Amino acid sequence: MDARDHSPATGRFPAGRLAFPHRDLTAIGQLQRHEILYLLHEADQWVALNRQSAKHTDLLSGLTIINAFFENSTRTLLSFEIAGKRLGADVVNMHAATSSVKKGETLIDTAITLNAMRADAIVIRHGSSGATGLIADKVDCPVLNAGDGSHEHPTQALLDALTLRHALRERGDGAEDFTGLTIVICGDILHSRVARSNILCLTAMGANVRVCAPPALMPVGIEAMGVEVFHHFDAALEGAEVVMMLRLQSERMSGQFVPSAREYRRLYGLTAARLARAAPGALVMHPGPMNRGVEIDSEVADMAGRSLITRQVEMGVAIRMACLDILTREARGLEGWRA
Ligand code: CP
């Protein structure tokens, strides 16, 4: 496909415009709606490839991708690794816990070190908001944010959008975006980079986004992001077509934000009875990792035909393949962000 031949409805741009004019992917906030649609459109081919028995291409052959993770991860780290390998790149993982970070090396010195190894893309997860942007300024290759503090987790929002688009298509709704769809995001909105990236992504795609949390876990002024704020989960669920649950981010909390896990579940846990308040057939999402029996009951998390949670993991590989492909085009001598 010619990257210049795109229209907004499909994620394609008018002739003469770059499809994705960014060297890095550090935030959904940096993207326009048509750029999000373009990434989703590109990911579709990788969804199809990943469902075949032979899943390998040589597209990124000869390139080196470094995954530098300063925080724990299962889904994001593994899916970036699988994505890079399926595209034919050499992929290496740096775990901060076993690196020279433990000897006191700074984030900037670590970034300069990785850069000197001539990586063609660096994927970073870090506990500090803005860390990925800081590193992007210090290195010569594309940087992909795999989650930075409570700031953003852009590939999570993109994989969530891809998952939802596929689920809606299977239900016979072929719409490219989410215009008119009501989506509830419930949980620890205050500390969640997933919530922030999803709010930006879903509102850009036309969804009506409701956020629900106890007052202590709701950021002040979040209405400015174009969302409706709820503190009562039952009210937030009325008529909602999608319910996205988030875990309590205890690793980012100093002090006690909820009285107890039991009390939190009583007020904000997604049970089967509570899900019945949403629109008939409402879909359930969760970025993982889940705390079953706290923010979501197993009966809901495993509900066939309604829960998209394992599908989200599947789509994570495809969206990361799309991101790695697009961001390394410049390195491969193709039309990239600079053209
Ligand atoms: N959703 C997500 O980021 O999961 P991991 O922390 O396992 O990567």
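Numbering of ligands and ligand atoms starts at 1, following listing order. Every value quoted in this text rests on a predicted model; they were computed, and no experiment measured them. For this chain, numbers begin at 1 and follow the sequence in order.
Listed by number with element, the atoms of ligand 1 under 4.0 angstrom from any heavy atom of T76 are 2 (C), 3 (O), 4 (O), 5 (P), 8 (O). Each of the atoms 5 (P), 7 (O), 8 (O) of ligand 1 lies under 4.0 Å from some heavy atom of T74.
Considering backbone and side-chain N/O atoms, P287 comes within less than 3.5 Å of an N/O atom of ligand 1.
Taking a 6.0 Å sphere around CD of E238, one finds it holds more than 12 heavy atoms contributed by other residues, nucleotides or ligands. No more than 12 heavy atoms of other residues, nucleotides or ligands lie within 6.0 Å of CG in N72, so this atom counts as exposed by the packing criterion.
Taking all atoms of both residues into account, the shortest heavy-atom contact from A282 to L275 is CB-CD1, 4.4 Å.
Tested against C141 for a side-chain contact (heavy atoms from CB on, under 4.5 Å), the candidates L114, I122, D120 yield a single pass: I122.
Contact analysis puts G288 in contact with ligand 1, with a non-hydrogen atom separation below 4.0 angstrom. Residue-ligand proximity: E71 is placed with every non-hydrogen atom at 4.0 Å or more from ligand 1.
Under the 6.0 Å cut-off for aromatic ring centres, H232 and F230 do not qualify, their centroids lying 6.0 Å or more apart.
With sequence neighbours excluded, the residues that form a side chain to side chain contact (heavy atoms under 4.5 Å, CB included) with D140 are N115.
Shortest contact from atom 6 (O) of ligand 1 to any protein heavy atom: R125 NH1, 2.9 Å. What sits closest to atom 4 (O) of ligand 1 on the protein, heavy atoms only, is R75 NE, 3.0 Å.
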